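What follows is a short report on a single structure.
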Amino acid sequence: MTLTPKSVARISLVSSLVLAAAGAAVLAAAPASGAASTLGAAAQQSGRYFGTAVAANKLGDSTYVGILNREFDMVTAENEMKMDATEPNQNQFSYGNADRIVNQARNQGKRVRGHALAWHSQQPGWMQNMSGTALRNAMLNHVTQVATYYRGKIYAWDVVNEAFADGSSGGRRDSNLQRTGNDWIEAAFRAARAADPGAKLCYNDYNTDNWSHAKTQGVYRMVQDFRSRGVPIDCVGFQAHFNSGNPVPSNYHTTLQNFAALGVDVQITELDIEGSGSSQAQQYQGVTQACLAVARCTGITVWGIRDTDSWRASGTPLLFDGSGNKKAAYTSVLNALNNGTGGTTPPTSTTTTTSNPGGGGCTATYSEGEKWNDRFNGNVTVTGTDNWIVTVTVSSPQRIIATWNTSASWDSANVMTARPNGNGNTFGFTVQHGGNWNWPSVSCRVA
Ligand code: G3I
């Protein structure tokens with residue numbers, strides 16, 4: 001199939017979904033021989049994990065536990081580690097159901113994501129009407145107590161959950177916690193770090209998948225600020241609850257990449273996509289590929305096992321049907337994980353890495369990034385000017401299917417013009433190579 005340069009520029013992720021549609025056989029095919037046959041094993045091939053939310057009251061369901069033990073290598077408690085569950089009365093902590101999940105996971109060699117230490121929602125009754133210093137101290141005590149109790153057992157904590165407002169403001173959500181002062185989030189992160197220095201500390205939110213949304217930008221600015229001031233944050237969780245009204249954005253890879261460029265890991269933490277059949281399968285494939293294309297996207301968690309386990313079961317948003325059968329979406333994710341981790345070794349690159357035609361005042365240097373069976377990433381660093389125009393030329397049948405940290409336009413299907421977009425002098429792109437592993441050529445001129 002052919003992608004026009006314009007569509008490639010605008011809809012990088014959708015392009016991979018369209019490619020998947022063209023190759024519907026891919027979705028139905030069994031994993032290639034030698035490929036991993038479970039989600040966890042397939043993700044591990046690239047050092048990633050594949051997790052699920054688990055509900056303690058389902059641990060007696062043998063179908064549920066059978067799938068859990070077979071397929072997943074990371075576990076999140078769906079409700080059992082929330083504030084109302086772990087501290088039902090002030091300073092009386094209750095870990096029974098959370099422990100059931102943590103112990104089951106660890107006994108099976110799985111890791112655990114902790115969810116969530118501080119949140120405006122699911123607060124115990126005693127906390128809901130608190131305010132000011134009393135609430136701030138109660139929140140910090142909760143973070144300290146729970147993170148200390150689980151010290152050494154948690155891969156990553158959602159330290160703060162859903163603290164930004166929806167809509168166009170890009171600012172914080174109003175809540176009793178927010179009213180204790182804008183620094184409540186960093187205070188929670190510092191308390192969590194002190195309590196469990198070995199856990200990765202994440203900020204987790206929804207509707208932060210589309211790079212152009214104000215909420216995404218607001219969270220990005222907070223993480224950027226935290227990184228610049230040394231507030232201990234290690235990761236950003238993207239909940240990724242999608243449906244027809246909130247579809248997988250075409251710029252998802254850009255969002256993940258831009259956050260990762262701040263020096264944090266990114267994780268897809270609560271993935272579910274309402275729908276069915278090949279349409280749902282293609283969207284799952286696109287999300288999986290977006291994570292695989294970002295080195296610091298360390299794993300994906302789906303928000304439940306069977307459709308009937310979902311918090312929105314009527315939307316059939318998960319990878320297994322109510323009987324525990326694998327859906328097309330399951331196969332598309334498994335195949336994407338297997339394809340994304342190679343199996344073939346790309347030939348050594350052959351073309352130039354640097355150019356500076358005519359001594360025009362700047363140099364663009366190409367360096368190769370990650371490689372997969374079907375595509376590779378490249379990065380270009382410009383020196384000599386902040387006001388550059390870089391021409392990137394790929395050779396047929398290569399196509400550039402995604403860009404980040406640049407404003408890109410196309411002169412032809414094979415020639416892209418890249419300009420600064422305010423994110424510095426290094427930008428990157430993904431090339432769908434069609435079997436041609438030659439490096440792109442790059443040249444720079446001063447605008
Ligand atoms: O277990 C009780 C049951 O005994 C009672 O009869 C019933 C009647 O209300 O409630 C049951 O508890 C419900 C619980 O889910 C277990 O099913 C709660 O009311 C209900 O509020 C709770 O909903 C959870 C929701 O978070 C609120 O905390 C969902 O299961 C859970 O999937 C959902 O997860 C959130 C993430 O934590 C954050 N991101 C969004 C995501 C989806 O909303």
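None of these values were measured; they are calculated from a predicted model. Both counts, for ligands and for their atoms, begin at 1 and track the order of listing.
Looking only at atom types and distance, the side chain of Asn338 has a donor-acceptor partner in the side chain of Gln45 under 3.5 Å away.
Closest of all the heavy-atom pairs between Ala116 and Asn161 is CB-CB, 4.0 Å.
Under the rule for a side chain to side chain contact (heavy atoms under 4.5 Å, CB included), the partners of Ala191 that lie at least two apart in sequence or sit in another chain are Leu140, Val143, Thr144. Applying the side chain to side chain contact (heavy atoms under 4.5 Å, CB included) rule to Ala105 yields the partners Val75, Lys110, Val112; only residues at least two apart in sequence or on another chain are considered.
For ligand 1, the protein residues placed under 4.0 Å by at least one non-hydrogen atom are Glu78, Asn79, Lys82, His115, Trp119, Gln122, Asn161, Glu162, Gln239, His241, Glu270, Trp303, Trp311.
In this structure a side-chain-to-backbone donor-acceptor pair under 3.5 Å is missing from Thr301 to Glu270.
Applying the ring pair (Phe, Tyr, Trp, His ring centres under 6.0 Å) test to residues at least two apart or on different chains, the pairs with a partner in residues 133-156 are Tyr49-Tyr155, Tyr95-Tyr149, Tyr95-Tyr150.
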